[in-house]
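Structure record follows, encoded as structure tokens.
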Amino acid sequence: MQERVTTALLGALNGAREKGQLKTTAWPTLSLDAPKRPEWGDLASTVAMSLASSEHKAPHDIAQIIVENLPQREQLFDRVEIVHPGFLNLTVKAALWQEVLRQIELQGDRYGRAAIGTGRRVLVEYVSANPTGPLHVGHGRGAAVGYAVVRLLNAIGYDAVGEYYINDAGRQMKLLGASVYARYQELSGRTVEFPEDGYHGSYITAVAQQLKEQLDLVAAELTPVDLETRCRSLAYQKLLGLIRDDLQSFGIEIQSWFSEASLLESRAIERALDELKARELLFQQEGAWWFRASMYGDEKDRVVRKQDGEYTYLASDIAYHHDKLRRGYDLLIDVFGADHHGYIPRMHAVMQAYGHPKDRLHVVLVQLVKLLRDGVEVKMSKRTGEFITMREVIDEVGADAAKFYFLMRDSKTHLEFDLELAKQRSADNPVYYVQYAHARICSLWRVASARGISRPSAGGTDLSVLTDPDELGLIKKLSSYPEVIQASALAFEPHRVTYYLQQLAALLHTFYNKHRVLPPEIEQENNESGPGEVLTPKRTAARLVLMGAVQQVLRNGLEVLGISAPEQM
RNA sequence: GCGCCCGUAGCUCAGUCGGAUAGAGCAUCAGCCUUCUAAGCUGAGGGUCGCUGGUUCGAUUCCAGCCGGGCGCACCA
């Protein structure tokens with residue numbers, strides 16, 4: 001609908017220019033908002049006001065010119081008004097709104113999808129937690145956001161893939177091995193010194209316990225060093241398996257897993273750095289190799305290879321992003337925890353060092369989650385290994401509620417997550433509010449079929465009876481859904497969808513309480529379906545079509561976020 | 001000290017490519033189920049959009065400076 005009106009406005013502007021009434025060559029972007037007050041029409045444009053300065057005309061006069069040149073004015077609009085100082089308020093014909101319902105029925109699951117990104121490949125890297133322990137709540141938010149971003153991009157035509165970068169090389173892995181080794185020794189009655197920066201979490205002991213039998217078999221044949229190495233690889237597999245399981249229970253499907261260690265094995269790090277050397281973007285100083293990040297806006301140059309010959313984490317990351325580019329992705333997205341924001345400039349520098357624009361990489365920041373229980377903060381400490389795991393949250397509140405909560409707020413702002421609140425099956429919990437709207441409509445189908453009323457198709461139903469403000473309000477909301485999806489996807493901001501769904505659900509609940517869709521079971525004298533209206537079969541049919549469209553959009557919206565749409569609650 | 005993010009109702013937060021009287025949920029108060037799911041609805045109260053300047057016909061939105069909160073500034077990952 002917005003598209004149709006925008007086209008008409010553009011036609012008016014071009015028409016006026018041909019007649020010499022307007023001179024501006026490049027029109028500003030025509031944005032149409034739904035005005036706050038119903039008497040201001042369905043859609044409003046501020047274009048006349050923004051043209052005022054370049055045209056040297058009063059906004060009101062420009063608006064007048066636009067109105068005079070508006071093509072198909074009679075067919076499209078019931079009312080066209082100019083309001084001081086130059087608002088153009090348009091009231092679209094009800095018949096056109098009703099048309100939206102036919103479109104939704106026709107497009108079904110595809111309603112809201114678009115082809116904007118067709119032919120462009122995107123790689124979204126998210127979670128990427130070290131496989132040295134279970135995922136915690138913060139990872140859960142990153143997972144929900146990353147997954148939703150992938151689905152949103154796919155919805156508007158991009159070929160987007162989610163990838164998990166496994167940090168399975170370097171110091172953290174060594175520490176993991178040493179920690180498990182120490183716990184294993186303890187379990188076998190020997191005492192060894194626990195590594196200084198080792199992992200203290202109780203899950204390490206649990207892993208050691210689980211591996212004990214396996215390790216006992218080989219313990220006698222291996223040197224302590226080899227045994228520790230064995231601990232490392234077994235613990236790594238175990239923990240990565242747990243992470244995969246956790247993500248699966250959370251309903252997150254990650255298409256691709258990329259191992260950091262594979263970069264070392266394949267000498268990809270060397271090759272990636274050689275390429276930088278060839279471009280004279282590496283230099284040696286004090287026995288270390290440095291990347292000239294400062295040439296591309298980072299605050300200083302960064303070490304990629306230490307004095308002792310070891311690569312830094314940045315070296316792996318350079319090679320990893322180099323690899324992503326080589327794999328031919330048009331856009332790279334990294335979902336980072338906000339505590340890594342200092343890393344962004346150097347990654348942008350990497351992009352440019354390889355000759356790409358820096359916005360070829362977009363970083364989505366996800367702020368930390370403040371976990372509460374009954375309003376009291378639950379403290380987490382990485383050092384002692386005491387933290388709330390993602391698994392605990394899923395078990396306690398369910399995957400749907402957890403996802404919705406994580407996606408409710410702009411990911412770059414802090415999020416309070418109250419476990420008790422998220423668990424409550426009440427108005428306090430927005431996910432149920434939205435799902436309930438969906439289930440209520442499904443219930444209509446059940447009752448209708450029990451009473452022998454079949455579901456009408458939009459094409460074969462007279463929708464002209466849908467003129468009530470509540471009905472038109474719902475339709476207008478439905479018609480803006482595709483725009484919401486596009487804007488949300490292009491901004492990488494899934495929270496816009498959760499917000500939209502809550503608004504749509506609110507309109508549905510209001511409608512549902514105020515108006516009837518199906519006739520009452522028993523014939524009644526009073527056959528009112530709402531204030532001053534009579535429920536005729538015609539009205540029932542039209543409203544069923546409307547309900548079907550609302551259900552479709554609720555389902556599509558939940559689907560794109562990876563949240564279920566239950567038929568019964 | 002430098003850099004990034006945030007500051008909107010008592011609380012948690014939407015909104016902001018500059019627009020008309022700033023929104024939702026929670027909490028508080030008052031109502032609504034013999035008829036399609038009350039996990040719902042209706043109404044009421046509640047705001048110097050952190051502060052001060054600037055740009056503009058118009059600023060919560062853009063710019064600058066301050067104040068407050070979070071995070072980051074390794075030859076760690």
Side-chain angles (χ1 to χ4, degrees), chain A residues 28-29 31 33 35-37 40 44 46 49-50 52-53 58-59 83-87 89 130 132 167 169-173 175 197 260 285-290 299-300 302-314 316-317 337-345 365 367-368 370 372 375 408-410 412-418 421 424-433 435-437 439-448 450-451 453 495-496 498-499 502-503 505-506 508-522 524 526 529 540 543-544 547 568-569:
Chain A
T29 44
S31 59
D33 322 300
K36 286 172 213 149
R37 303 170 70 83
W40 293 337
T46 56
M49 289 181 282
S50 36
S53 64
V83 181
H84 184 81
F87 289 100
N89 292 345
N130 290 347
T132 54
N167 296 126
R171 203 175 105 88
Q172 300 305 318
M173 280 290 103
L175 279 173
D197 297 321
E260 179 187 359
Q285 191 182 316
E286 294 164 25
W289 282 92
W290 299 68
E299 50 185 304
K300 48 185 140 181
R302 308 286 177 180
V303 172
V304 292
R305 190 168 193 174
K306 300 185 263 181
Q307 268 181 351
D308 62 10
E310 294 263 320
Y311 292 116
T312 62
Y313 180 81
L314 177 62
S316 309
D317 245 355
D339 53 341
H340 284 67
H341 71 259
Y343 212 69
I344 299 171
L365 281 183
Q367 264 296 356
L368 307 176
K370 185 171 164 188
L372 306 173
M408 246 172 27
R409 312 296 188 205
D410 187 343
K412 66 177 168 291
T413 66
H414 295 268
L415 174 76
E416 282 201 0
F417 190 110
D418 194 311
L421 220 59
Q424 280 173 35
R425 299 165 26 129
S426 73
D428 301 354
N429 198 328
V431 70
Y432 294 122
Y433 186 80
Q435 291 181 323
Y436 184 54
R440 266 184 149 175
I441 296 172
C442 291
S443 158
L444 280 177
W445 306 133
R446 287 190 293 270
V447 175
R451 295 193 194 159
I453 299 169
H495 75 276
R496 299 191 193 198
T498 51
Y499 196 71
Q502 291 180 80
Q503 290 179 322
L508 186 276
H509 288 309
T510 297
F511 176 83
Y512 191 92
N513 274 277
K514 199 157 148 194
H515 307 277
R516 288 195 60 85
V517 175
L518 299 170
E521 199 164 8
I522 307 144
Q524 288 187 350
N526 180 357
S529 61
T540 289
R543 284 187 174 170
L544 283 172
M547 291 299 105
Q568 231 168 331
M569 289 175 74

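Below, chain A is the first sequence line, B the second, and so on; all start at residue 1.
- The interatomic distance linking A/H340 (NE2) with B/C5 (C1') rounds to 16 Å, in whole Å.
- The nucleotide whose nearest atom lies closest to any side-chain atom of A/R37 is, among B/U35, B/G70, B/U21, B/U21.
- For the atom pair A/Y343 OH and A/L314 CG, the distance stands at 4.0 Å (nearest 0.5 Å).
- The side chain of A/K412 sits closest to B/C5 out of B/A14, B/C5, B/G40.
- Contact of A/H341 with B/G3 (side chain to base): a donor-acceptor pair of N or O atoms is detected under 3.5 Å.
- Remark: P of B/C32 and NE2 of A/H515 are 20 Å apart, rounded to the nearest angstrom.
- Candidate nucleotides B/A14, B/G40, B/A20 were compared by shortest atom distance to the side chain of A/N513, and B/G40 ranks first.
- Distances were taken from every side-chain heavy atom of A/Y432 (C-beta onward) to each of B/U37, B/A39, B/A20; the shortest belongs to B/A39.
- Checking A/R440 against A/H509 by side-chain atom types alone, a donor-acceptor pair falls below 3.5 Å.
- For A/Q367 against B/C71, no side-chain N or O and base N or O form a donor-acceptor pair under 3.5 Å.
- In B/C36 the O4'-C1'-N dihedral to the base is more than 90° from 0, which defines an anti nucleotide.
- Comparing the P positions of B/C66 and B/A24 gives a spacing of 37 Å, expressed to the nearest Å.
- Comparing B/U37, B/C13, B/A77 against the side chain of A/E416 picks out B/C13 as the nearest.
- In this structure, A/L365 atom CG and B/C6 atom C1' are separated by 12 Å, rounded to whole Å.
- Under 3.5 Å, the side chain of A/N89 and the base of B/A20 form at least one donor-acceptor pair of N or O atoms.
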- Query: When you look at A/R305 and A/E310, which way does the side chain to side chain contact (heavy atoms under 4.5 Å, CB included) test go after all the steps?
  - Reply: CA-CA 6 Å; A/R305 190 168 193 174; A/E310 294 263 320; over 6 Å; no
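- Atoms CD and NZ, on A/Q367 and A/K412 in that order, are 10.5 Å from each other to the nearest 0.5 Å.
- Rounded to whole Å, the distance from OH on A/Y433 to P on B/C26 is 9 Å.
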